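Hydrogens, waters and symmetry mates play no part in the numbers below; they use all other heavy atoms, side chains included. Keep in mind that this is a model prediction, so the values were computed, not measured.
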Amino acid sequence: MAYNARHHILSVLVENKAGVLTRVAALFSRRAFNIVSLAVSPTEDERFSRMTIVVDADASPLEQIVKQLNKLIPVIKISEIAHSEGVEREMMLLTLKAGSETRSQVTELSSIFDAKIIDVGYEAMTMMVVGEPDKLDAFSDLVRPFGILEMQRTGRIAMPKLARQPVKLRAVRAARG
Amino acid sequence: MKPTGKITGAQALIRSLEMEGVEVMFGLPGGAILPVYDPLIDSSIRHILVRHEQGAGHMASGYAHATGRPGVAMVTSGPAATNIVTPLADAYLDSVPMVVITGQVPYAAIGTDAFQECDTVGITMPVTKHNWLVTDARDIPTIIREAFHVATTGRPGPVLVDFPKDVATQMMDWYWPDGVDMPGYKPTTKGHPKQVKDAARLIVAAQRPVIYAGGGILKARAADALKTFAELTGIPVVTTLMARGAFPDKHELCLGMPGMHGNYTAITALQQSDLLITLGARFDDRVTGKVGAFAPDAKIIHVDIDPAEQGKVRRPDVPIVGDCKQVIEELIKATKAEISKHAAANISEWKATIQQWQLDFPLYYEQEEGGTLKPQFVIEKLRENTPDDCILASGVGQHQMWASQHWQFNYPYTWINSGGLGTMGYSVPAAIGAKVGRPDRMVWAVDGDGCFQMTAQELVTAAAERIPVKIAILNNAYLGMVRQWQELFYEERYSEVYLSPDLPDYVKWAEAMGCVGMRCDNADDVVATIEKANAINDRPVVIDFRTDYREKVYPMVAAGTSNDDVILHPALNEKSR
């Protein structure tokens, strides 16, 4: 899943209540919007959960998606994290064919990609890769010739990039209000 | 007003409804909701026992339309819940405030495919503004408070509370919350001052402005504000199907209904306008026709309380999110301020053009003497022989369009119909609900023979409860609107649209349901028949008007075509050539 201009990352803060995921998912299907990936987890505040939804849409339908999502009562806040203004990570688990003759090549590629080998069998290995979606794509492409037996990806999670202004500048800005 | 002590969940539910000021509810009991029907006996709330749950939903909707208060319906689980899905979807599309309570199997049995179990919350999620499954009796007052709050504020809409049987028997300590705490629900009501100012500037500068008034005017109780605004600016007003009555038809600035079966002037005024002042309307496909060709030269001011309507169909130049009444009042102030700075553009030429259209392209039909009864004639005579504030309900189809076209609406909340969902069978129960809410008003329903057969059984309810509604069936023995489309667009290949004029026998059917049944098949008897019906006040009346099946609804903008291509009544077409 390489960078795609139609993909938008929505970070959605919702009330941590039964059925919220259904409401969000149902809204997407009812309004005929496409979800590329979806990750849900509790936040630092147990009353809320965060959904990171990657949506496949042009800018104008995206505005509709956001507005319709906002109408859902358990939805508290929606922010779009632009590709350039966020940090994104995704995790992939991958089981590869890796008999004795290819095992060392697979291990070598794994170490280039910082992939962790988390399970080893006689004819296969399972590894974990964490990184930006592009990196995961690249890794799965490179190991495909060995034979991918099974693959799972978590879908992206993302956070806004932190502002990195010098302390002095920050103080000046704050003083100006 | 804060009684305390342990009571059952069922008692808490009824008490919560009383606290919300509910006077009437429409419903039908059954297994899972049984515990709630017991404390209802001791309640001040009037319960109207319907014959089918769909009736309960549409009655609640008619009640809400006529009174502005939320309509309340209560039914049991399973099939009862699925039967009320249509009214929910209907109310959702027309933004009608409704609170529906459904019974549910005991909480512990949910998910086991228990008797009369269905996933009511899941099924109704896409057709409600919000819904709740009660899992603990202690939550009941909070949830009911929230339910009424959500149904009636912001863009109104239906909500549903699913009520498991064991929650109804669980004991709880009564309380009544002071307010609601819903962090994810905070509708904007006040328009953004800068946007209002920008709008006022456009309004004053426009050469060919039109006010495009939608159902939001009625929901926001903004009819008076609209009148003040229109008279201040002298700008003509079109009222959509959902807004009929929001601006008086007899007013010189009123152009009537636009859209697929609107009149030529309303359609063309929108189409040739340079500024649409859109108030509580949503650019529905039945109004715009082909969207890309709709009002191509018009700038758009769009006032709507629902932010999602802004830019959904047509991108506005000035979007204003807010309550229609508040925003119109703000617009009045801002426009006055703008006019005081420099005079408004002269729109007299525009208005003269519009007046000429009105003269050249009126609504047209012809009742030949001794000829077959025309449906439009029946509606005109009905209008002439009923009080000015008579409430009119309708079903869906040709009769609905004729009613909207030929009835003169001079008061808000006198027109009740299913606009968005187009629910056939709406009129009989909706008229009953309206009459329950406004017993002081005369309530007529204009119905089609196809529609009538879908929900007529609710006249049994009306007869039993002594709710004297009056139903005029425009019986043309066809599913008329479908027939019209087959005639015009399917080379007169009529497929499954014939119903028969006398199967069923509507007069006998009416009598069997405890109503007075009458029949009228010629123009000379129409007025006398209406007068006879008007004199009956102790039971419902049904009149079987035998009308001309060949009559079609004109003007018409065919689906998917531009509003520039209005098809006029053939007779008018010849005149204009």
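Using a 4.0 Å cut-off between charged side-chain N and carboxylate O, B:Asp304 and B:Arg282 make no salt bridge. A salt bridge between B:Asp136 and B:Arg138 is present, with a side-chain N of the basic residue lying under 4.0 Å from a carboxylate O of the acidic one.
Across A:Glu63, A:Lys17, A:Glu15, the residue that shares the most heavy-atom pairs under 4.5 angstrom with chain B is A:Glu63. The most heavy-atom pairs under 4.5 Å with chain A, out of B:Met182, B:Lys129, B:Gln310, come from B:Gln310.
Proximity to chain B involves both the backbone and the side chain of A:Arg23, based on heavy atoms less than 4.5 angstrom apart. Residue contact with chain A, scored on non-hydrogen atoms closer than 4.5 Å, is absent for B:Lys186. Residue contact with chain B, scored on non-hydrogen atoms closer than 4.5 Å, involves the backbone of A:Leu72 exclusively.
Residues of residues 139-155 of chain B having a heavy atom under 4.5 Å from any heavy atom of chain A, listed by number: B:Val150, B:Arg155.
Checked against B:Asp162 for a side-chain hydrogen bond (donor to acceptor under 3.5 Å, both in side chains), the options B:Thr124, B:Thr102, B:Thr135, B:Asn131 give a single hit: B:Thr102. For the pairing with A:His83, the side-chain hydrogen bond (donor to acceptor under 3.5 Å, both in side chains) check across A:His8, A:His7, A:Glu88 returns one residue only, A:Glu88.
In this structure, B:Gln116 contributes its side chain and B:Val105 its backbone to no donor-acceptor pair below 3.5 Å. Between the side chain of B:Arg314 and the backbone N or O of B:Phe294, at least one donor-acceptor pair lies under 3.5 Å.
Residues A:Asn16 and A:Glu46 have side chains that never bring a donor and an acceptor to within less than 3.5 angstrom of each other. Under the 3.5 Å distance criterion, with hydrogens and angles disregarded, no donor-acceptor pair is assigned to the side chains of A:Thr52 and A:Arg156.
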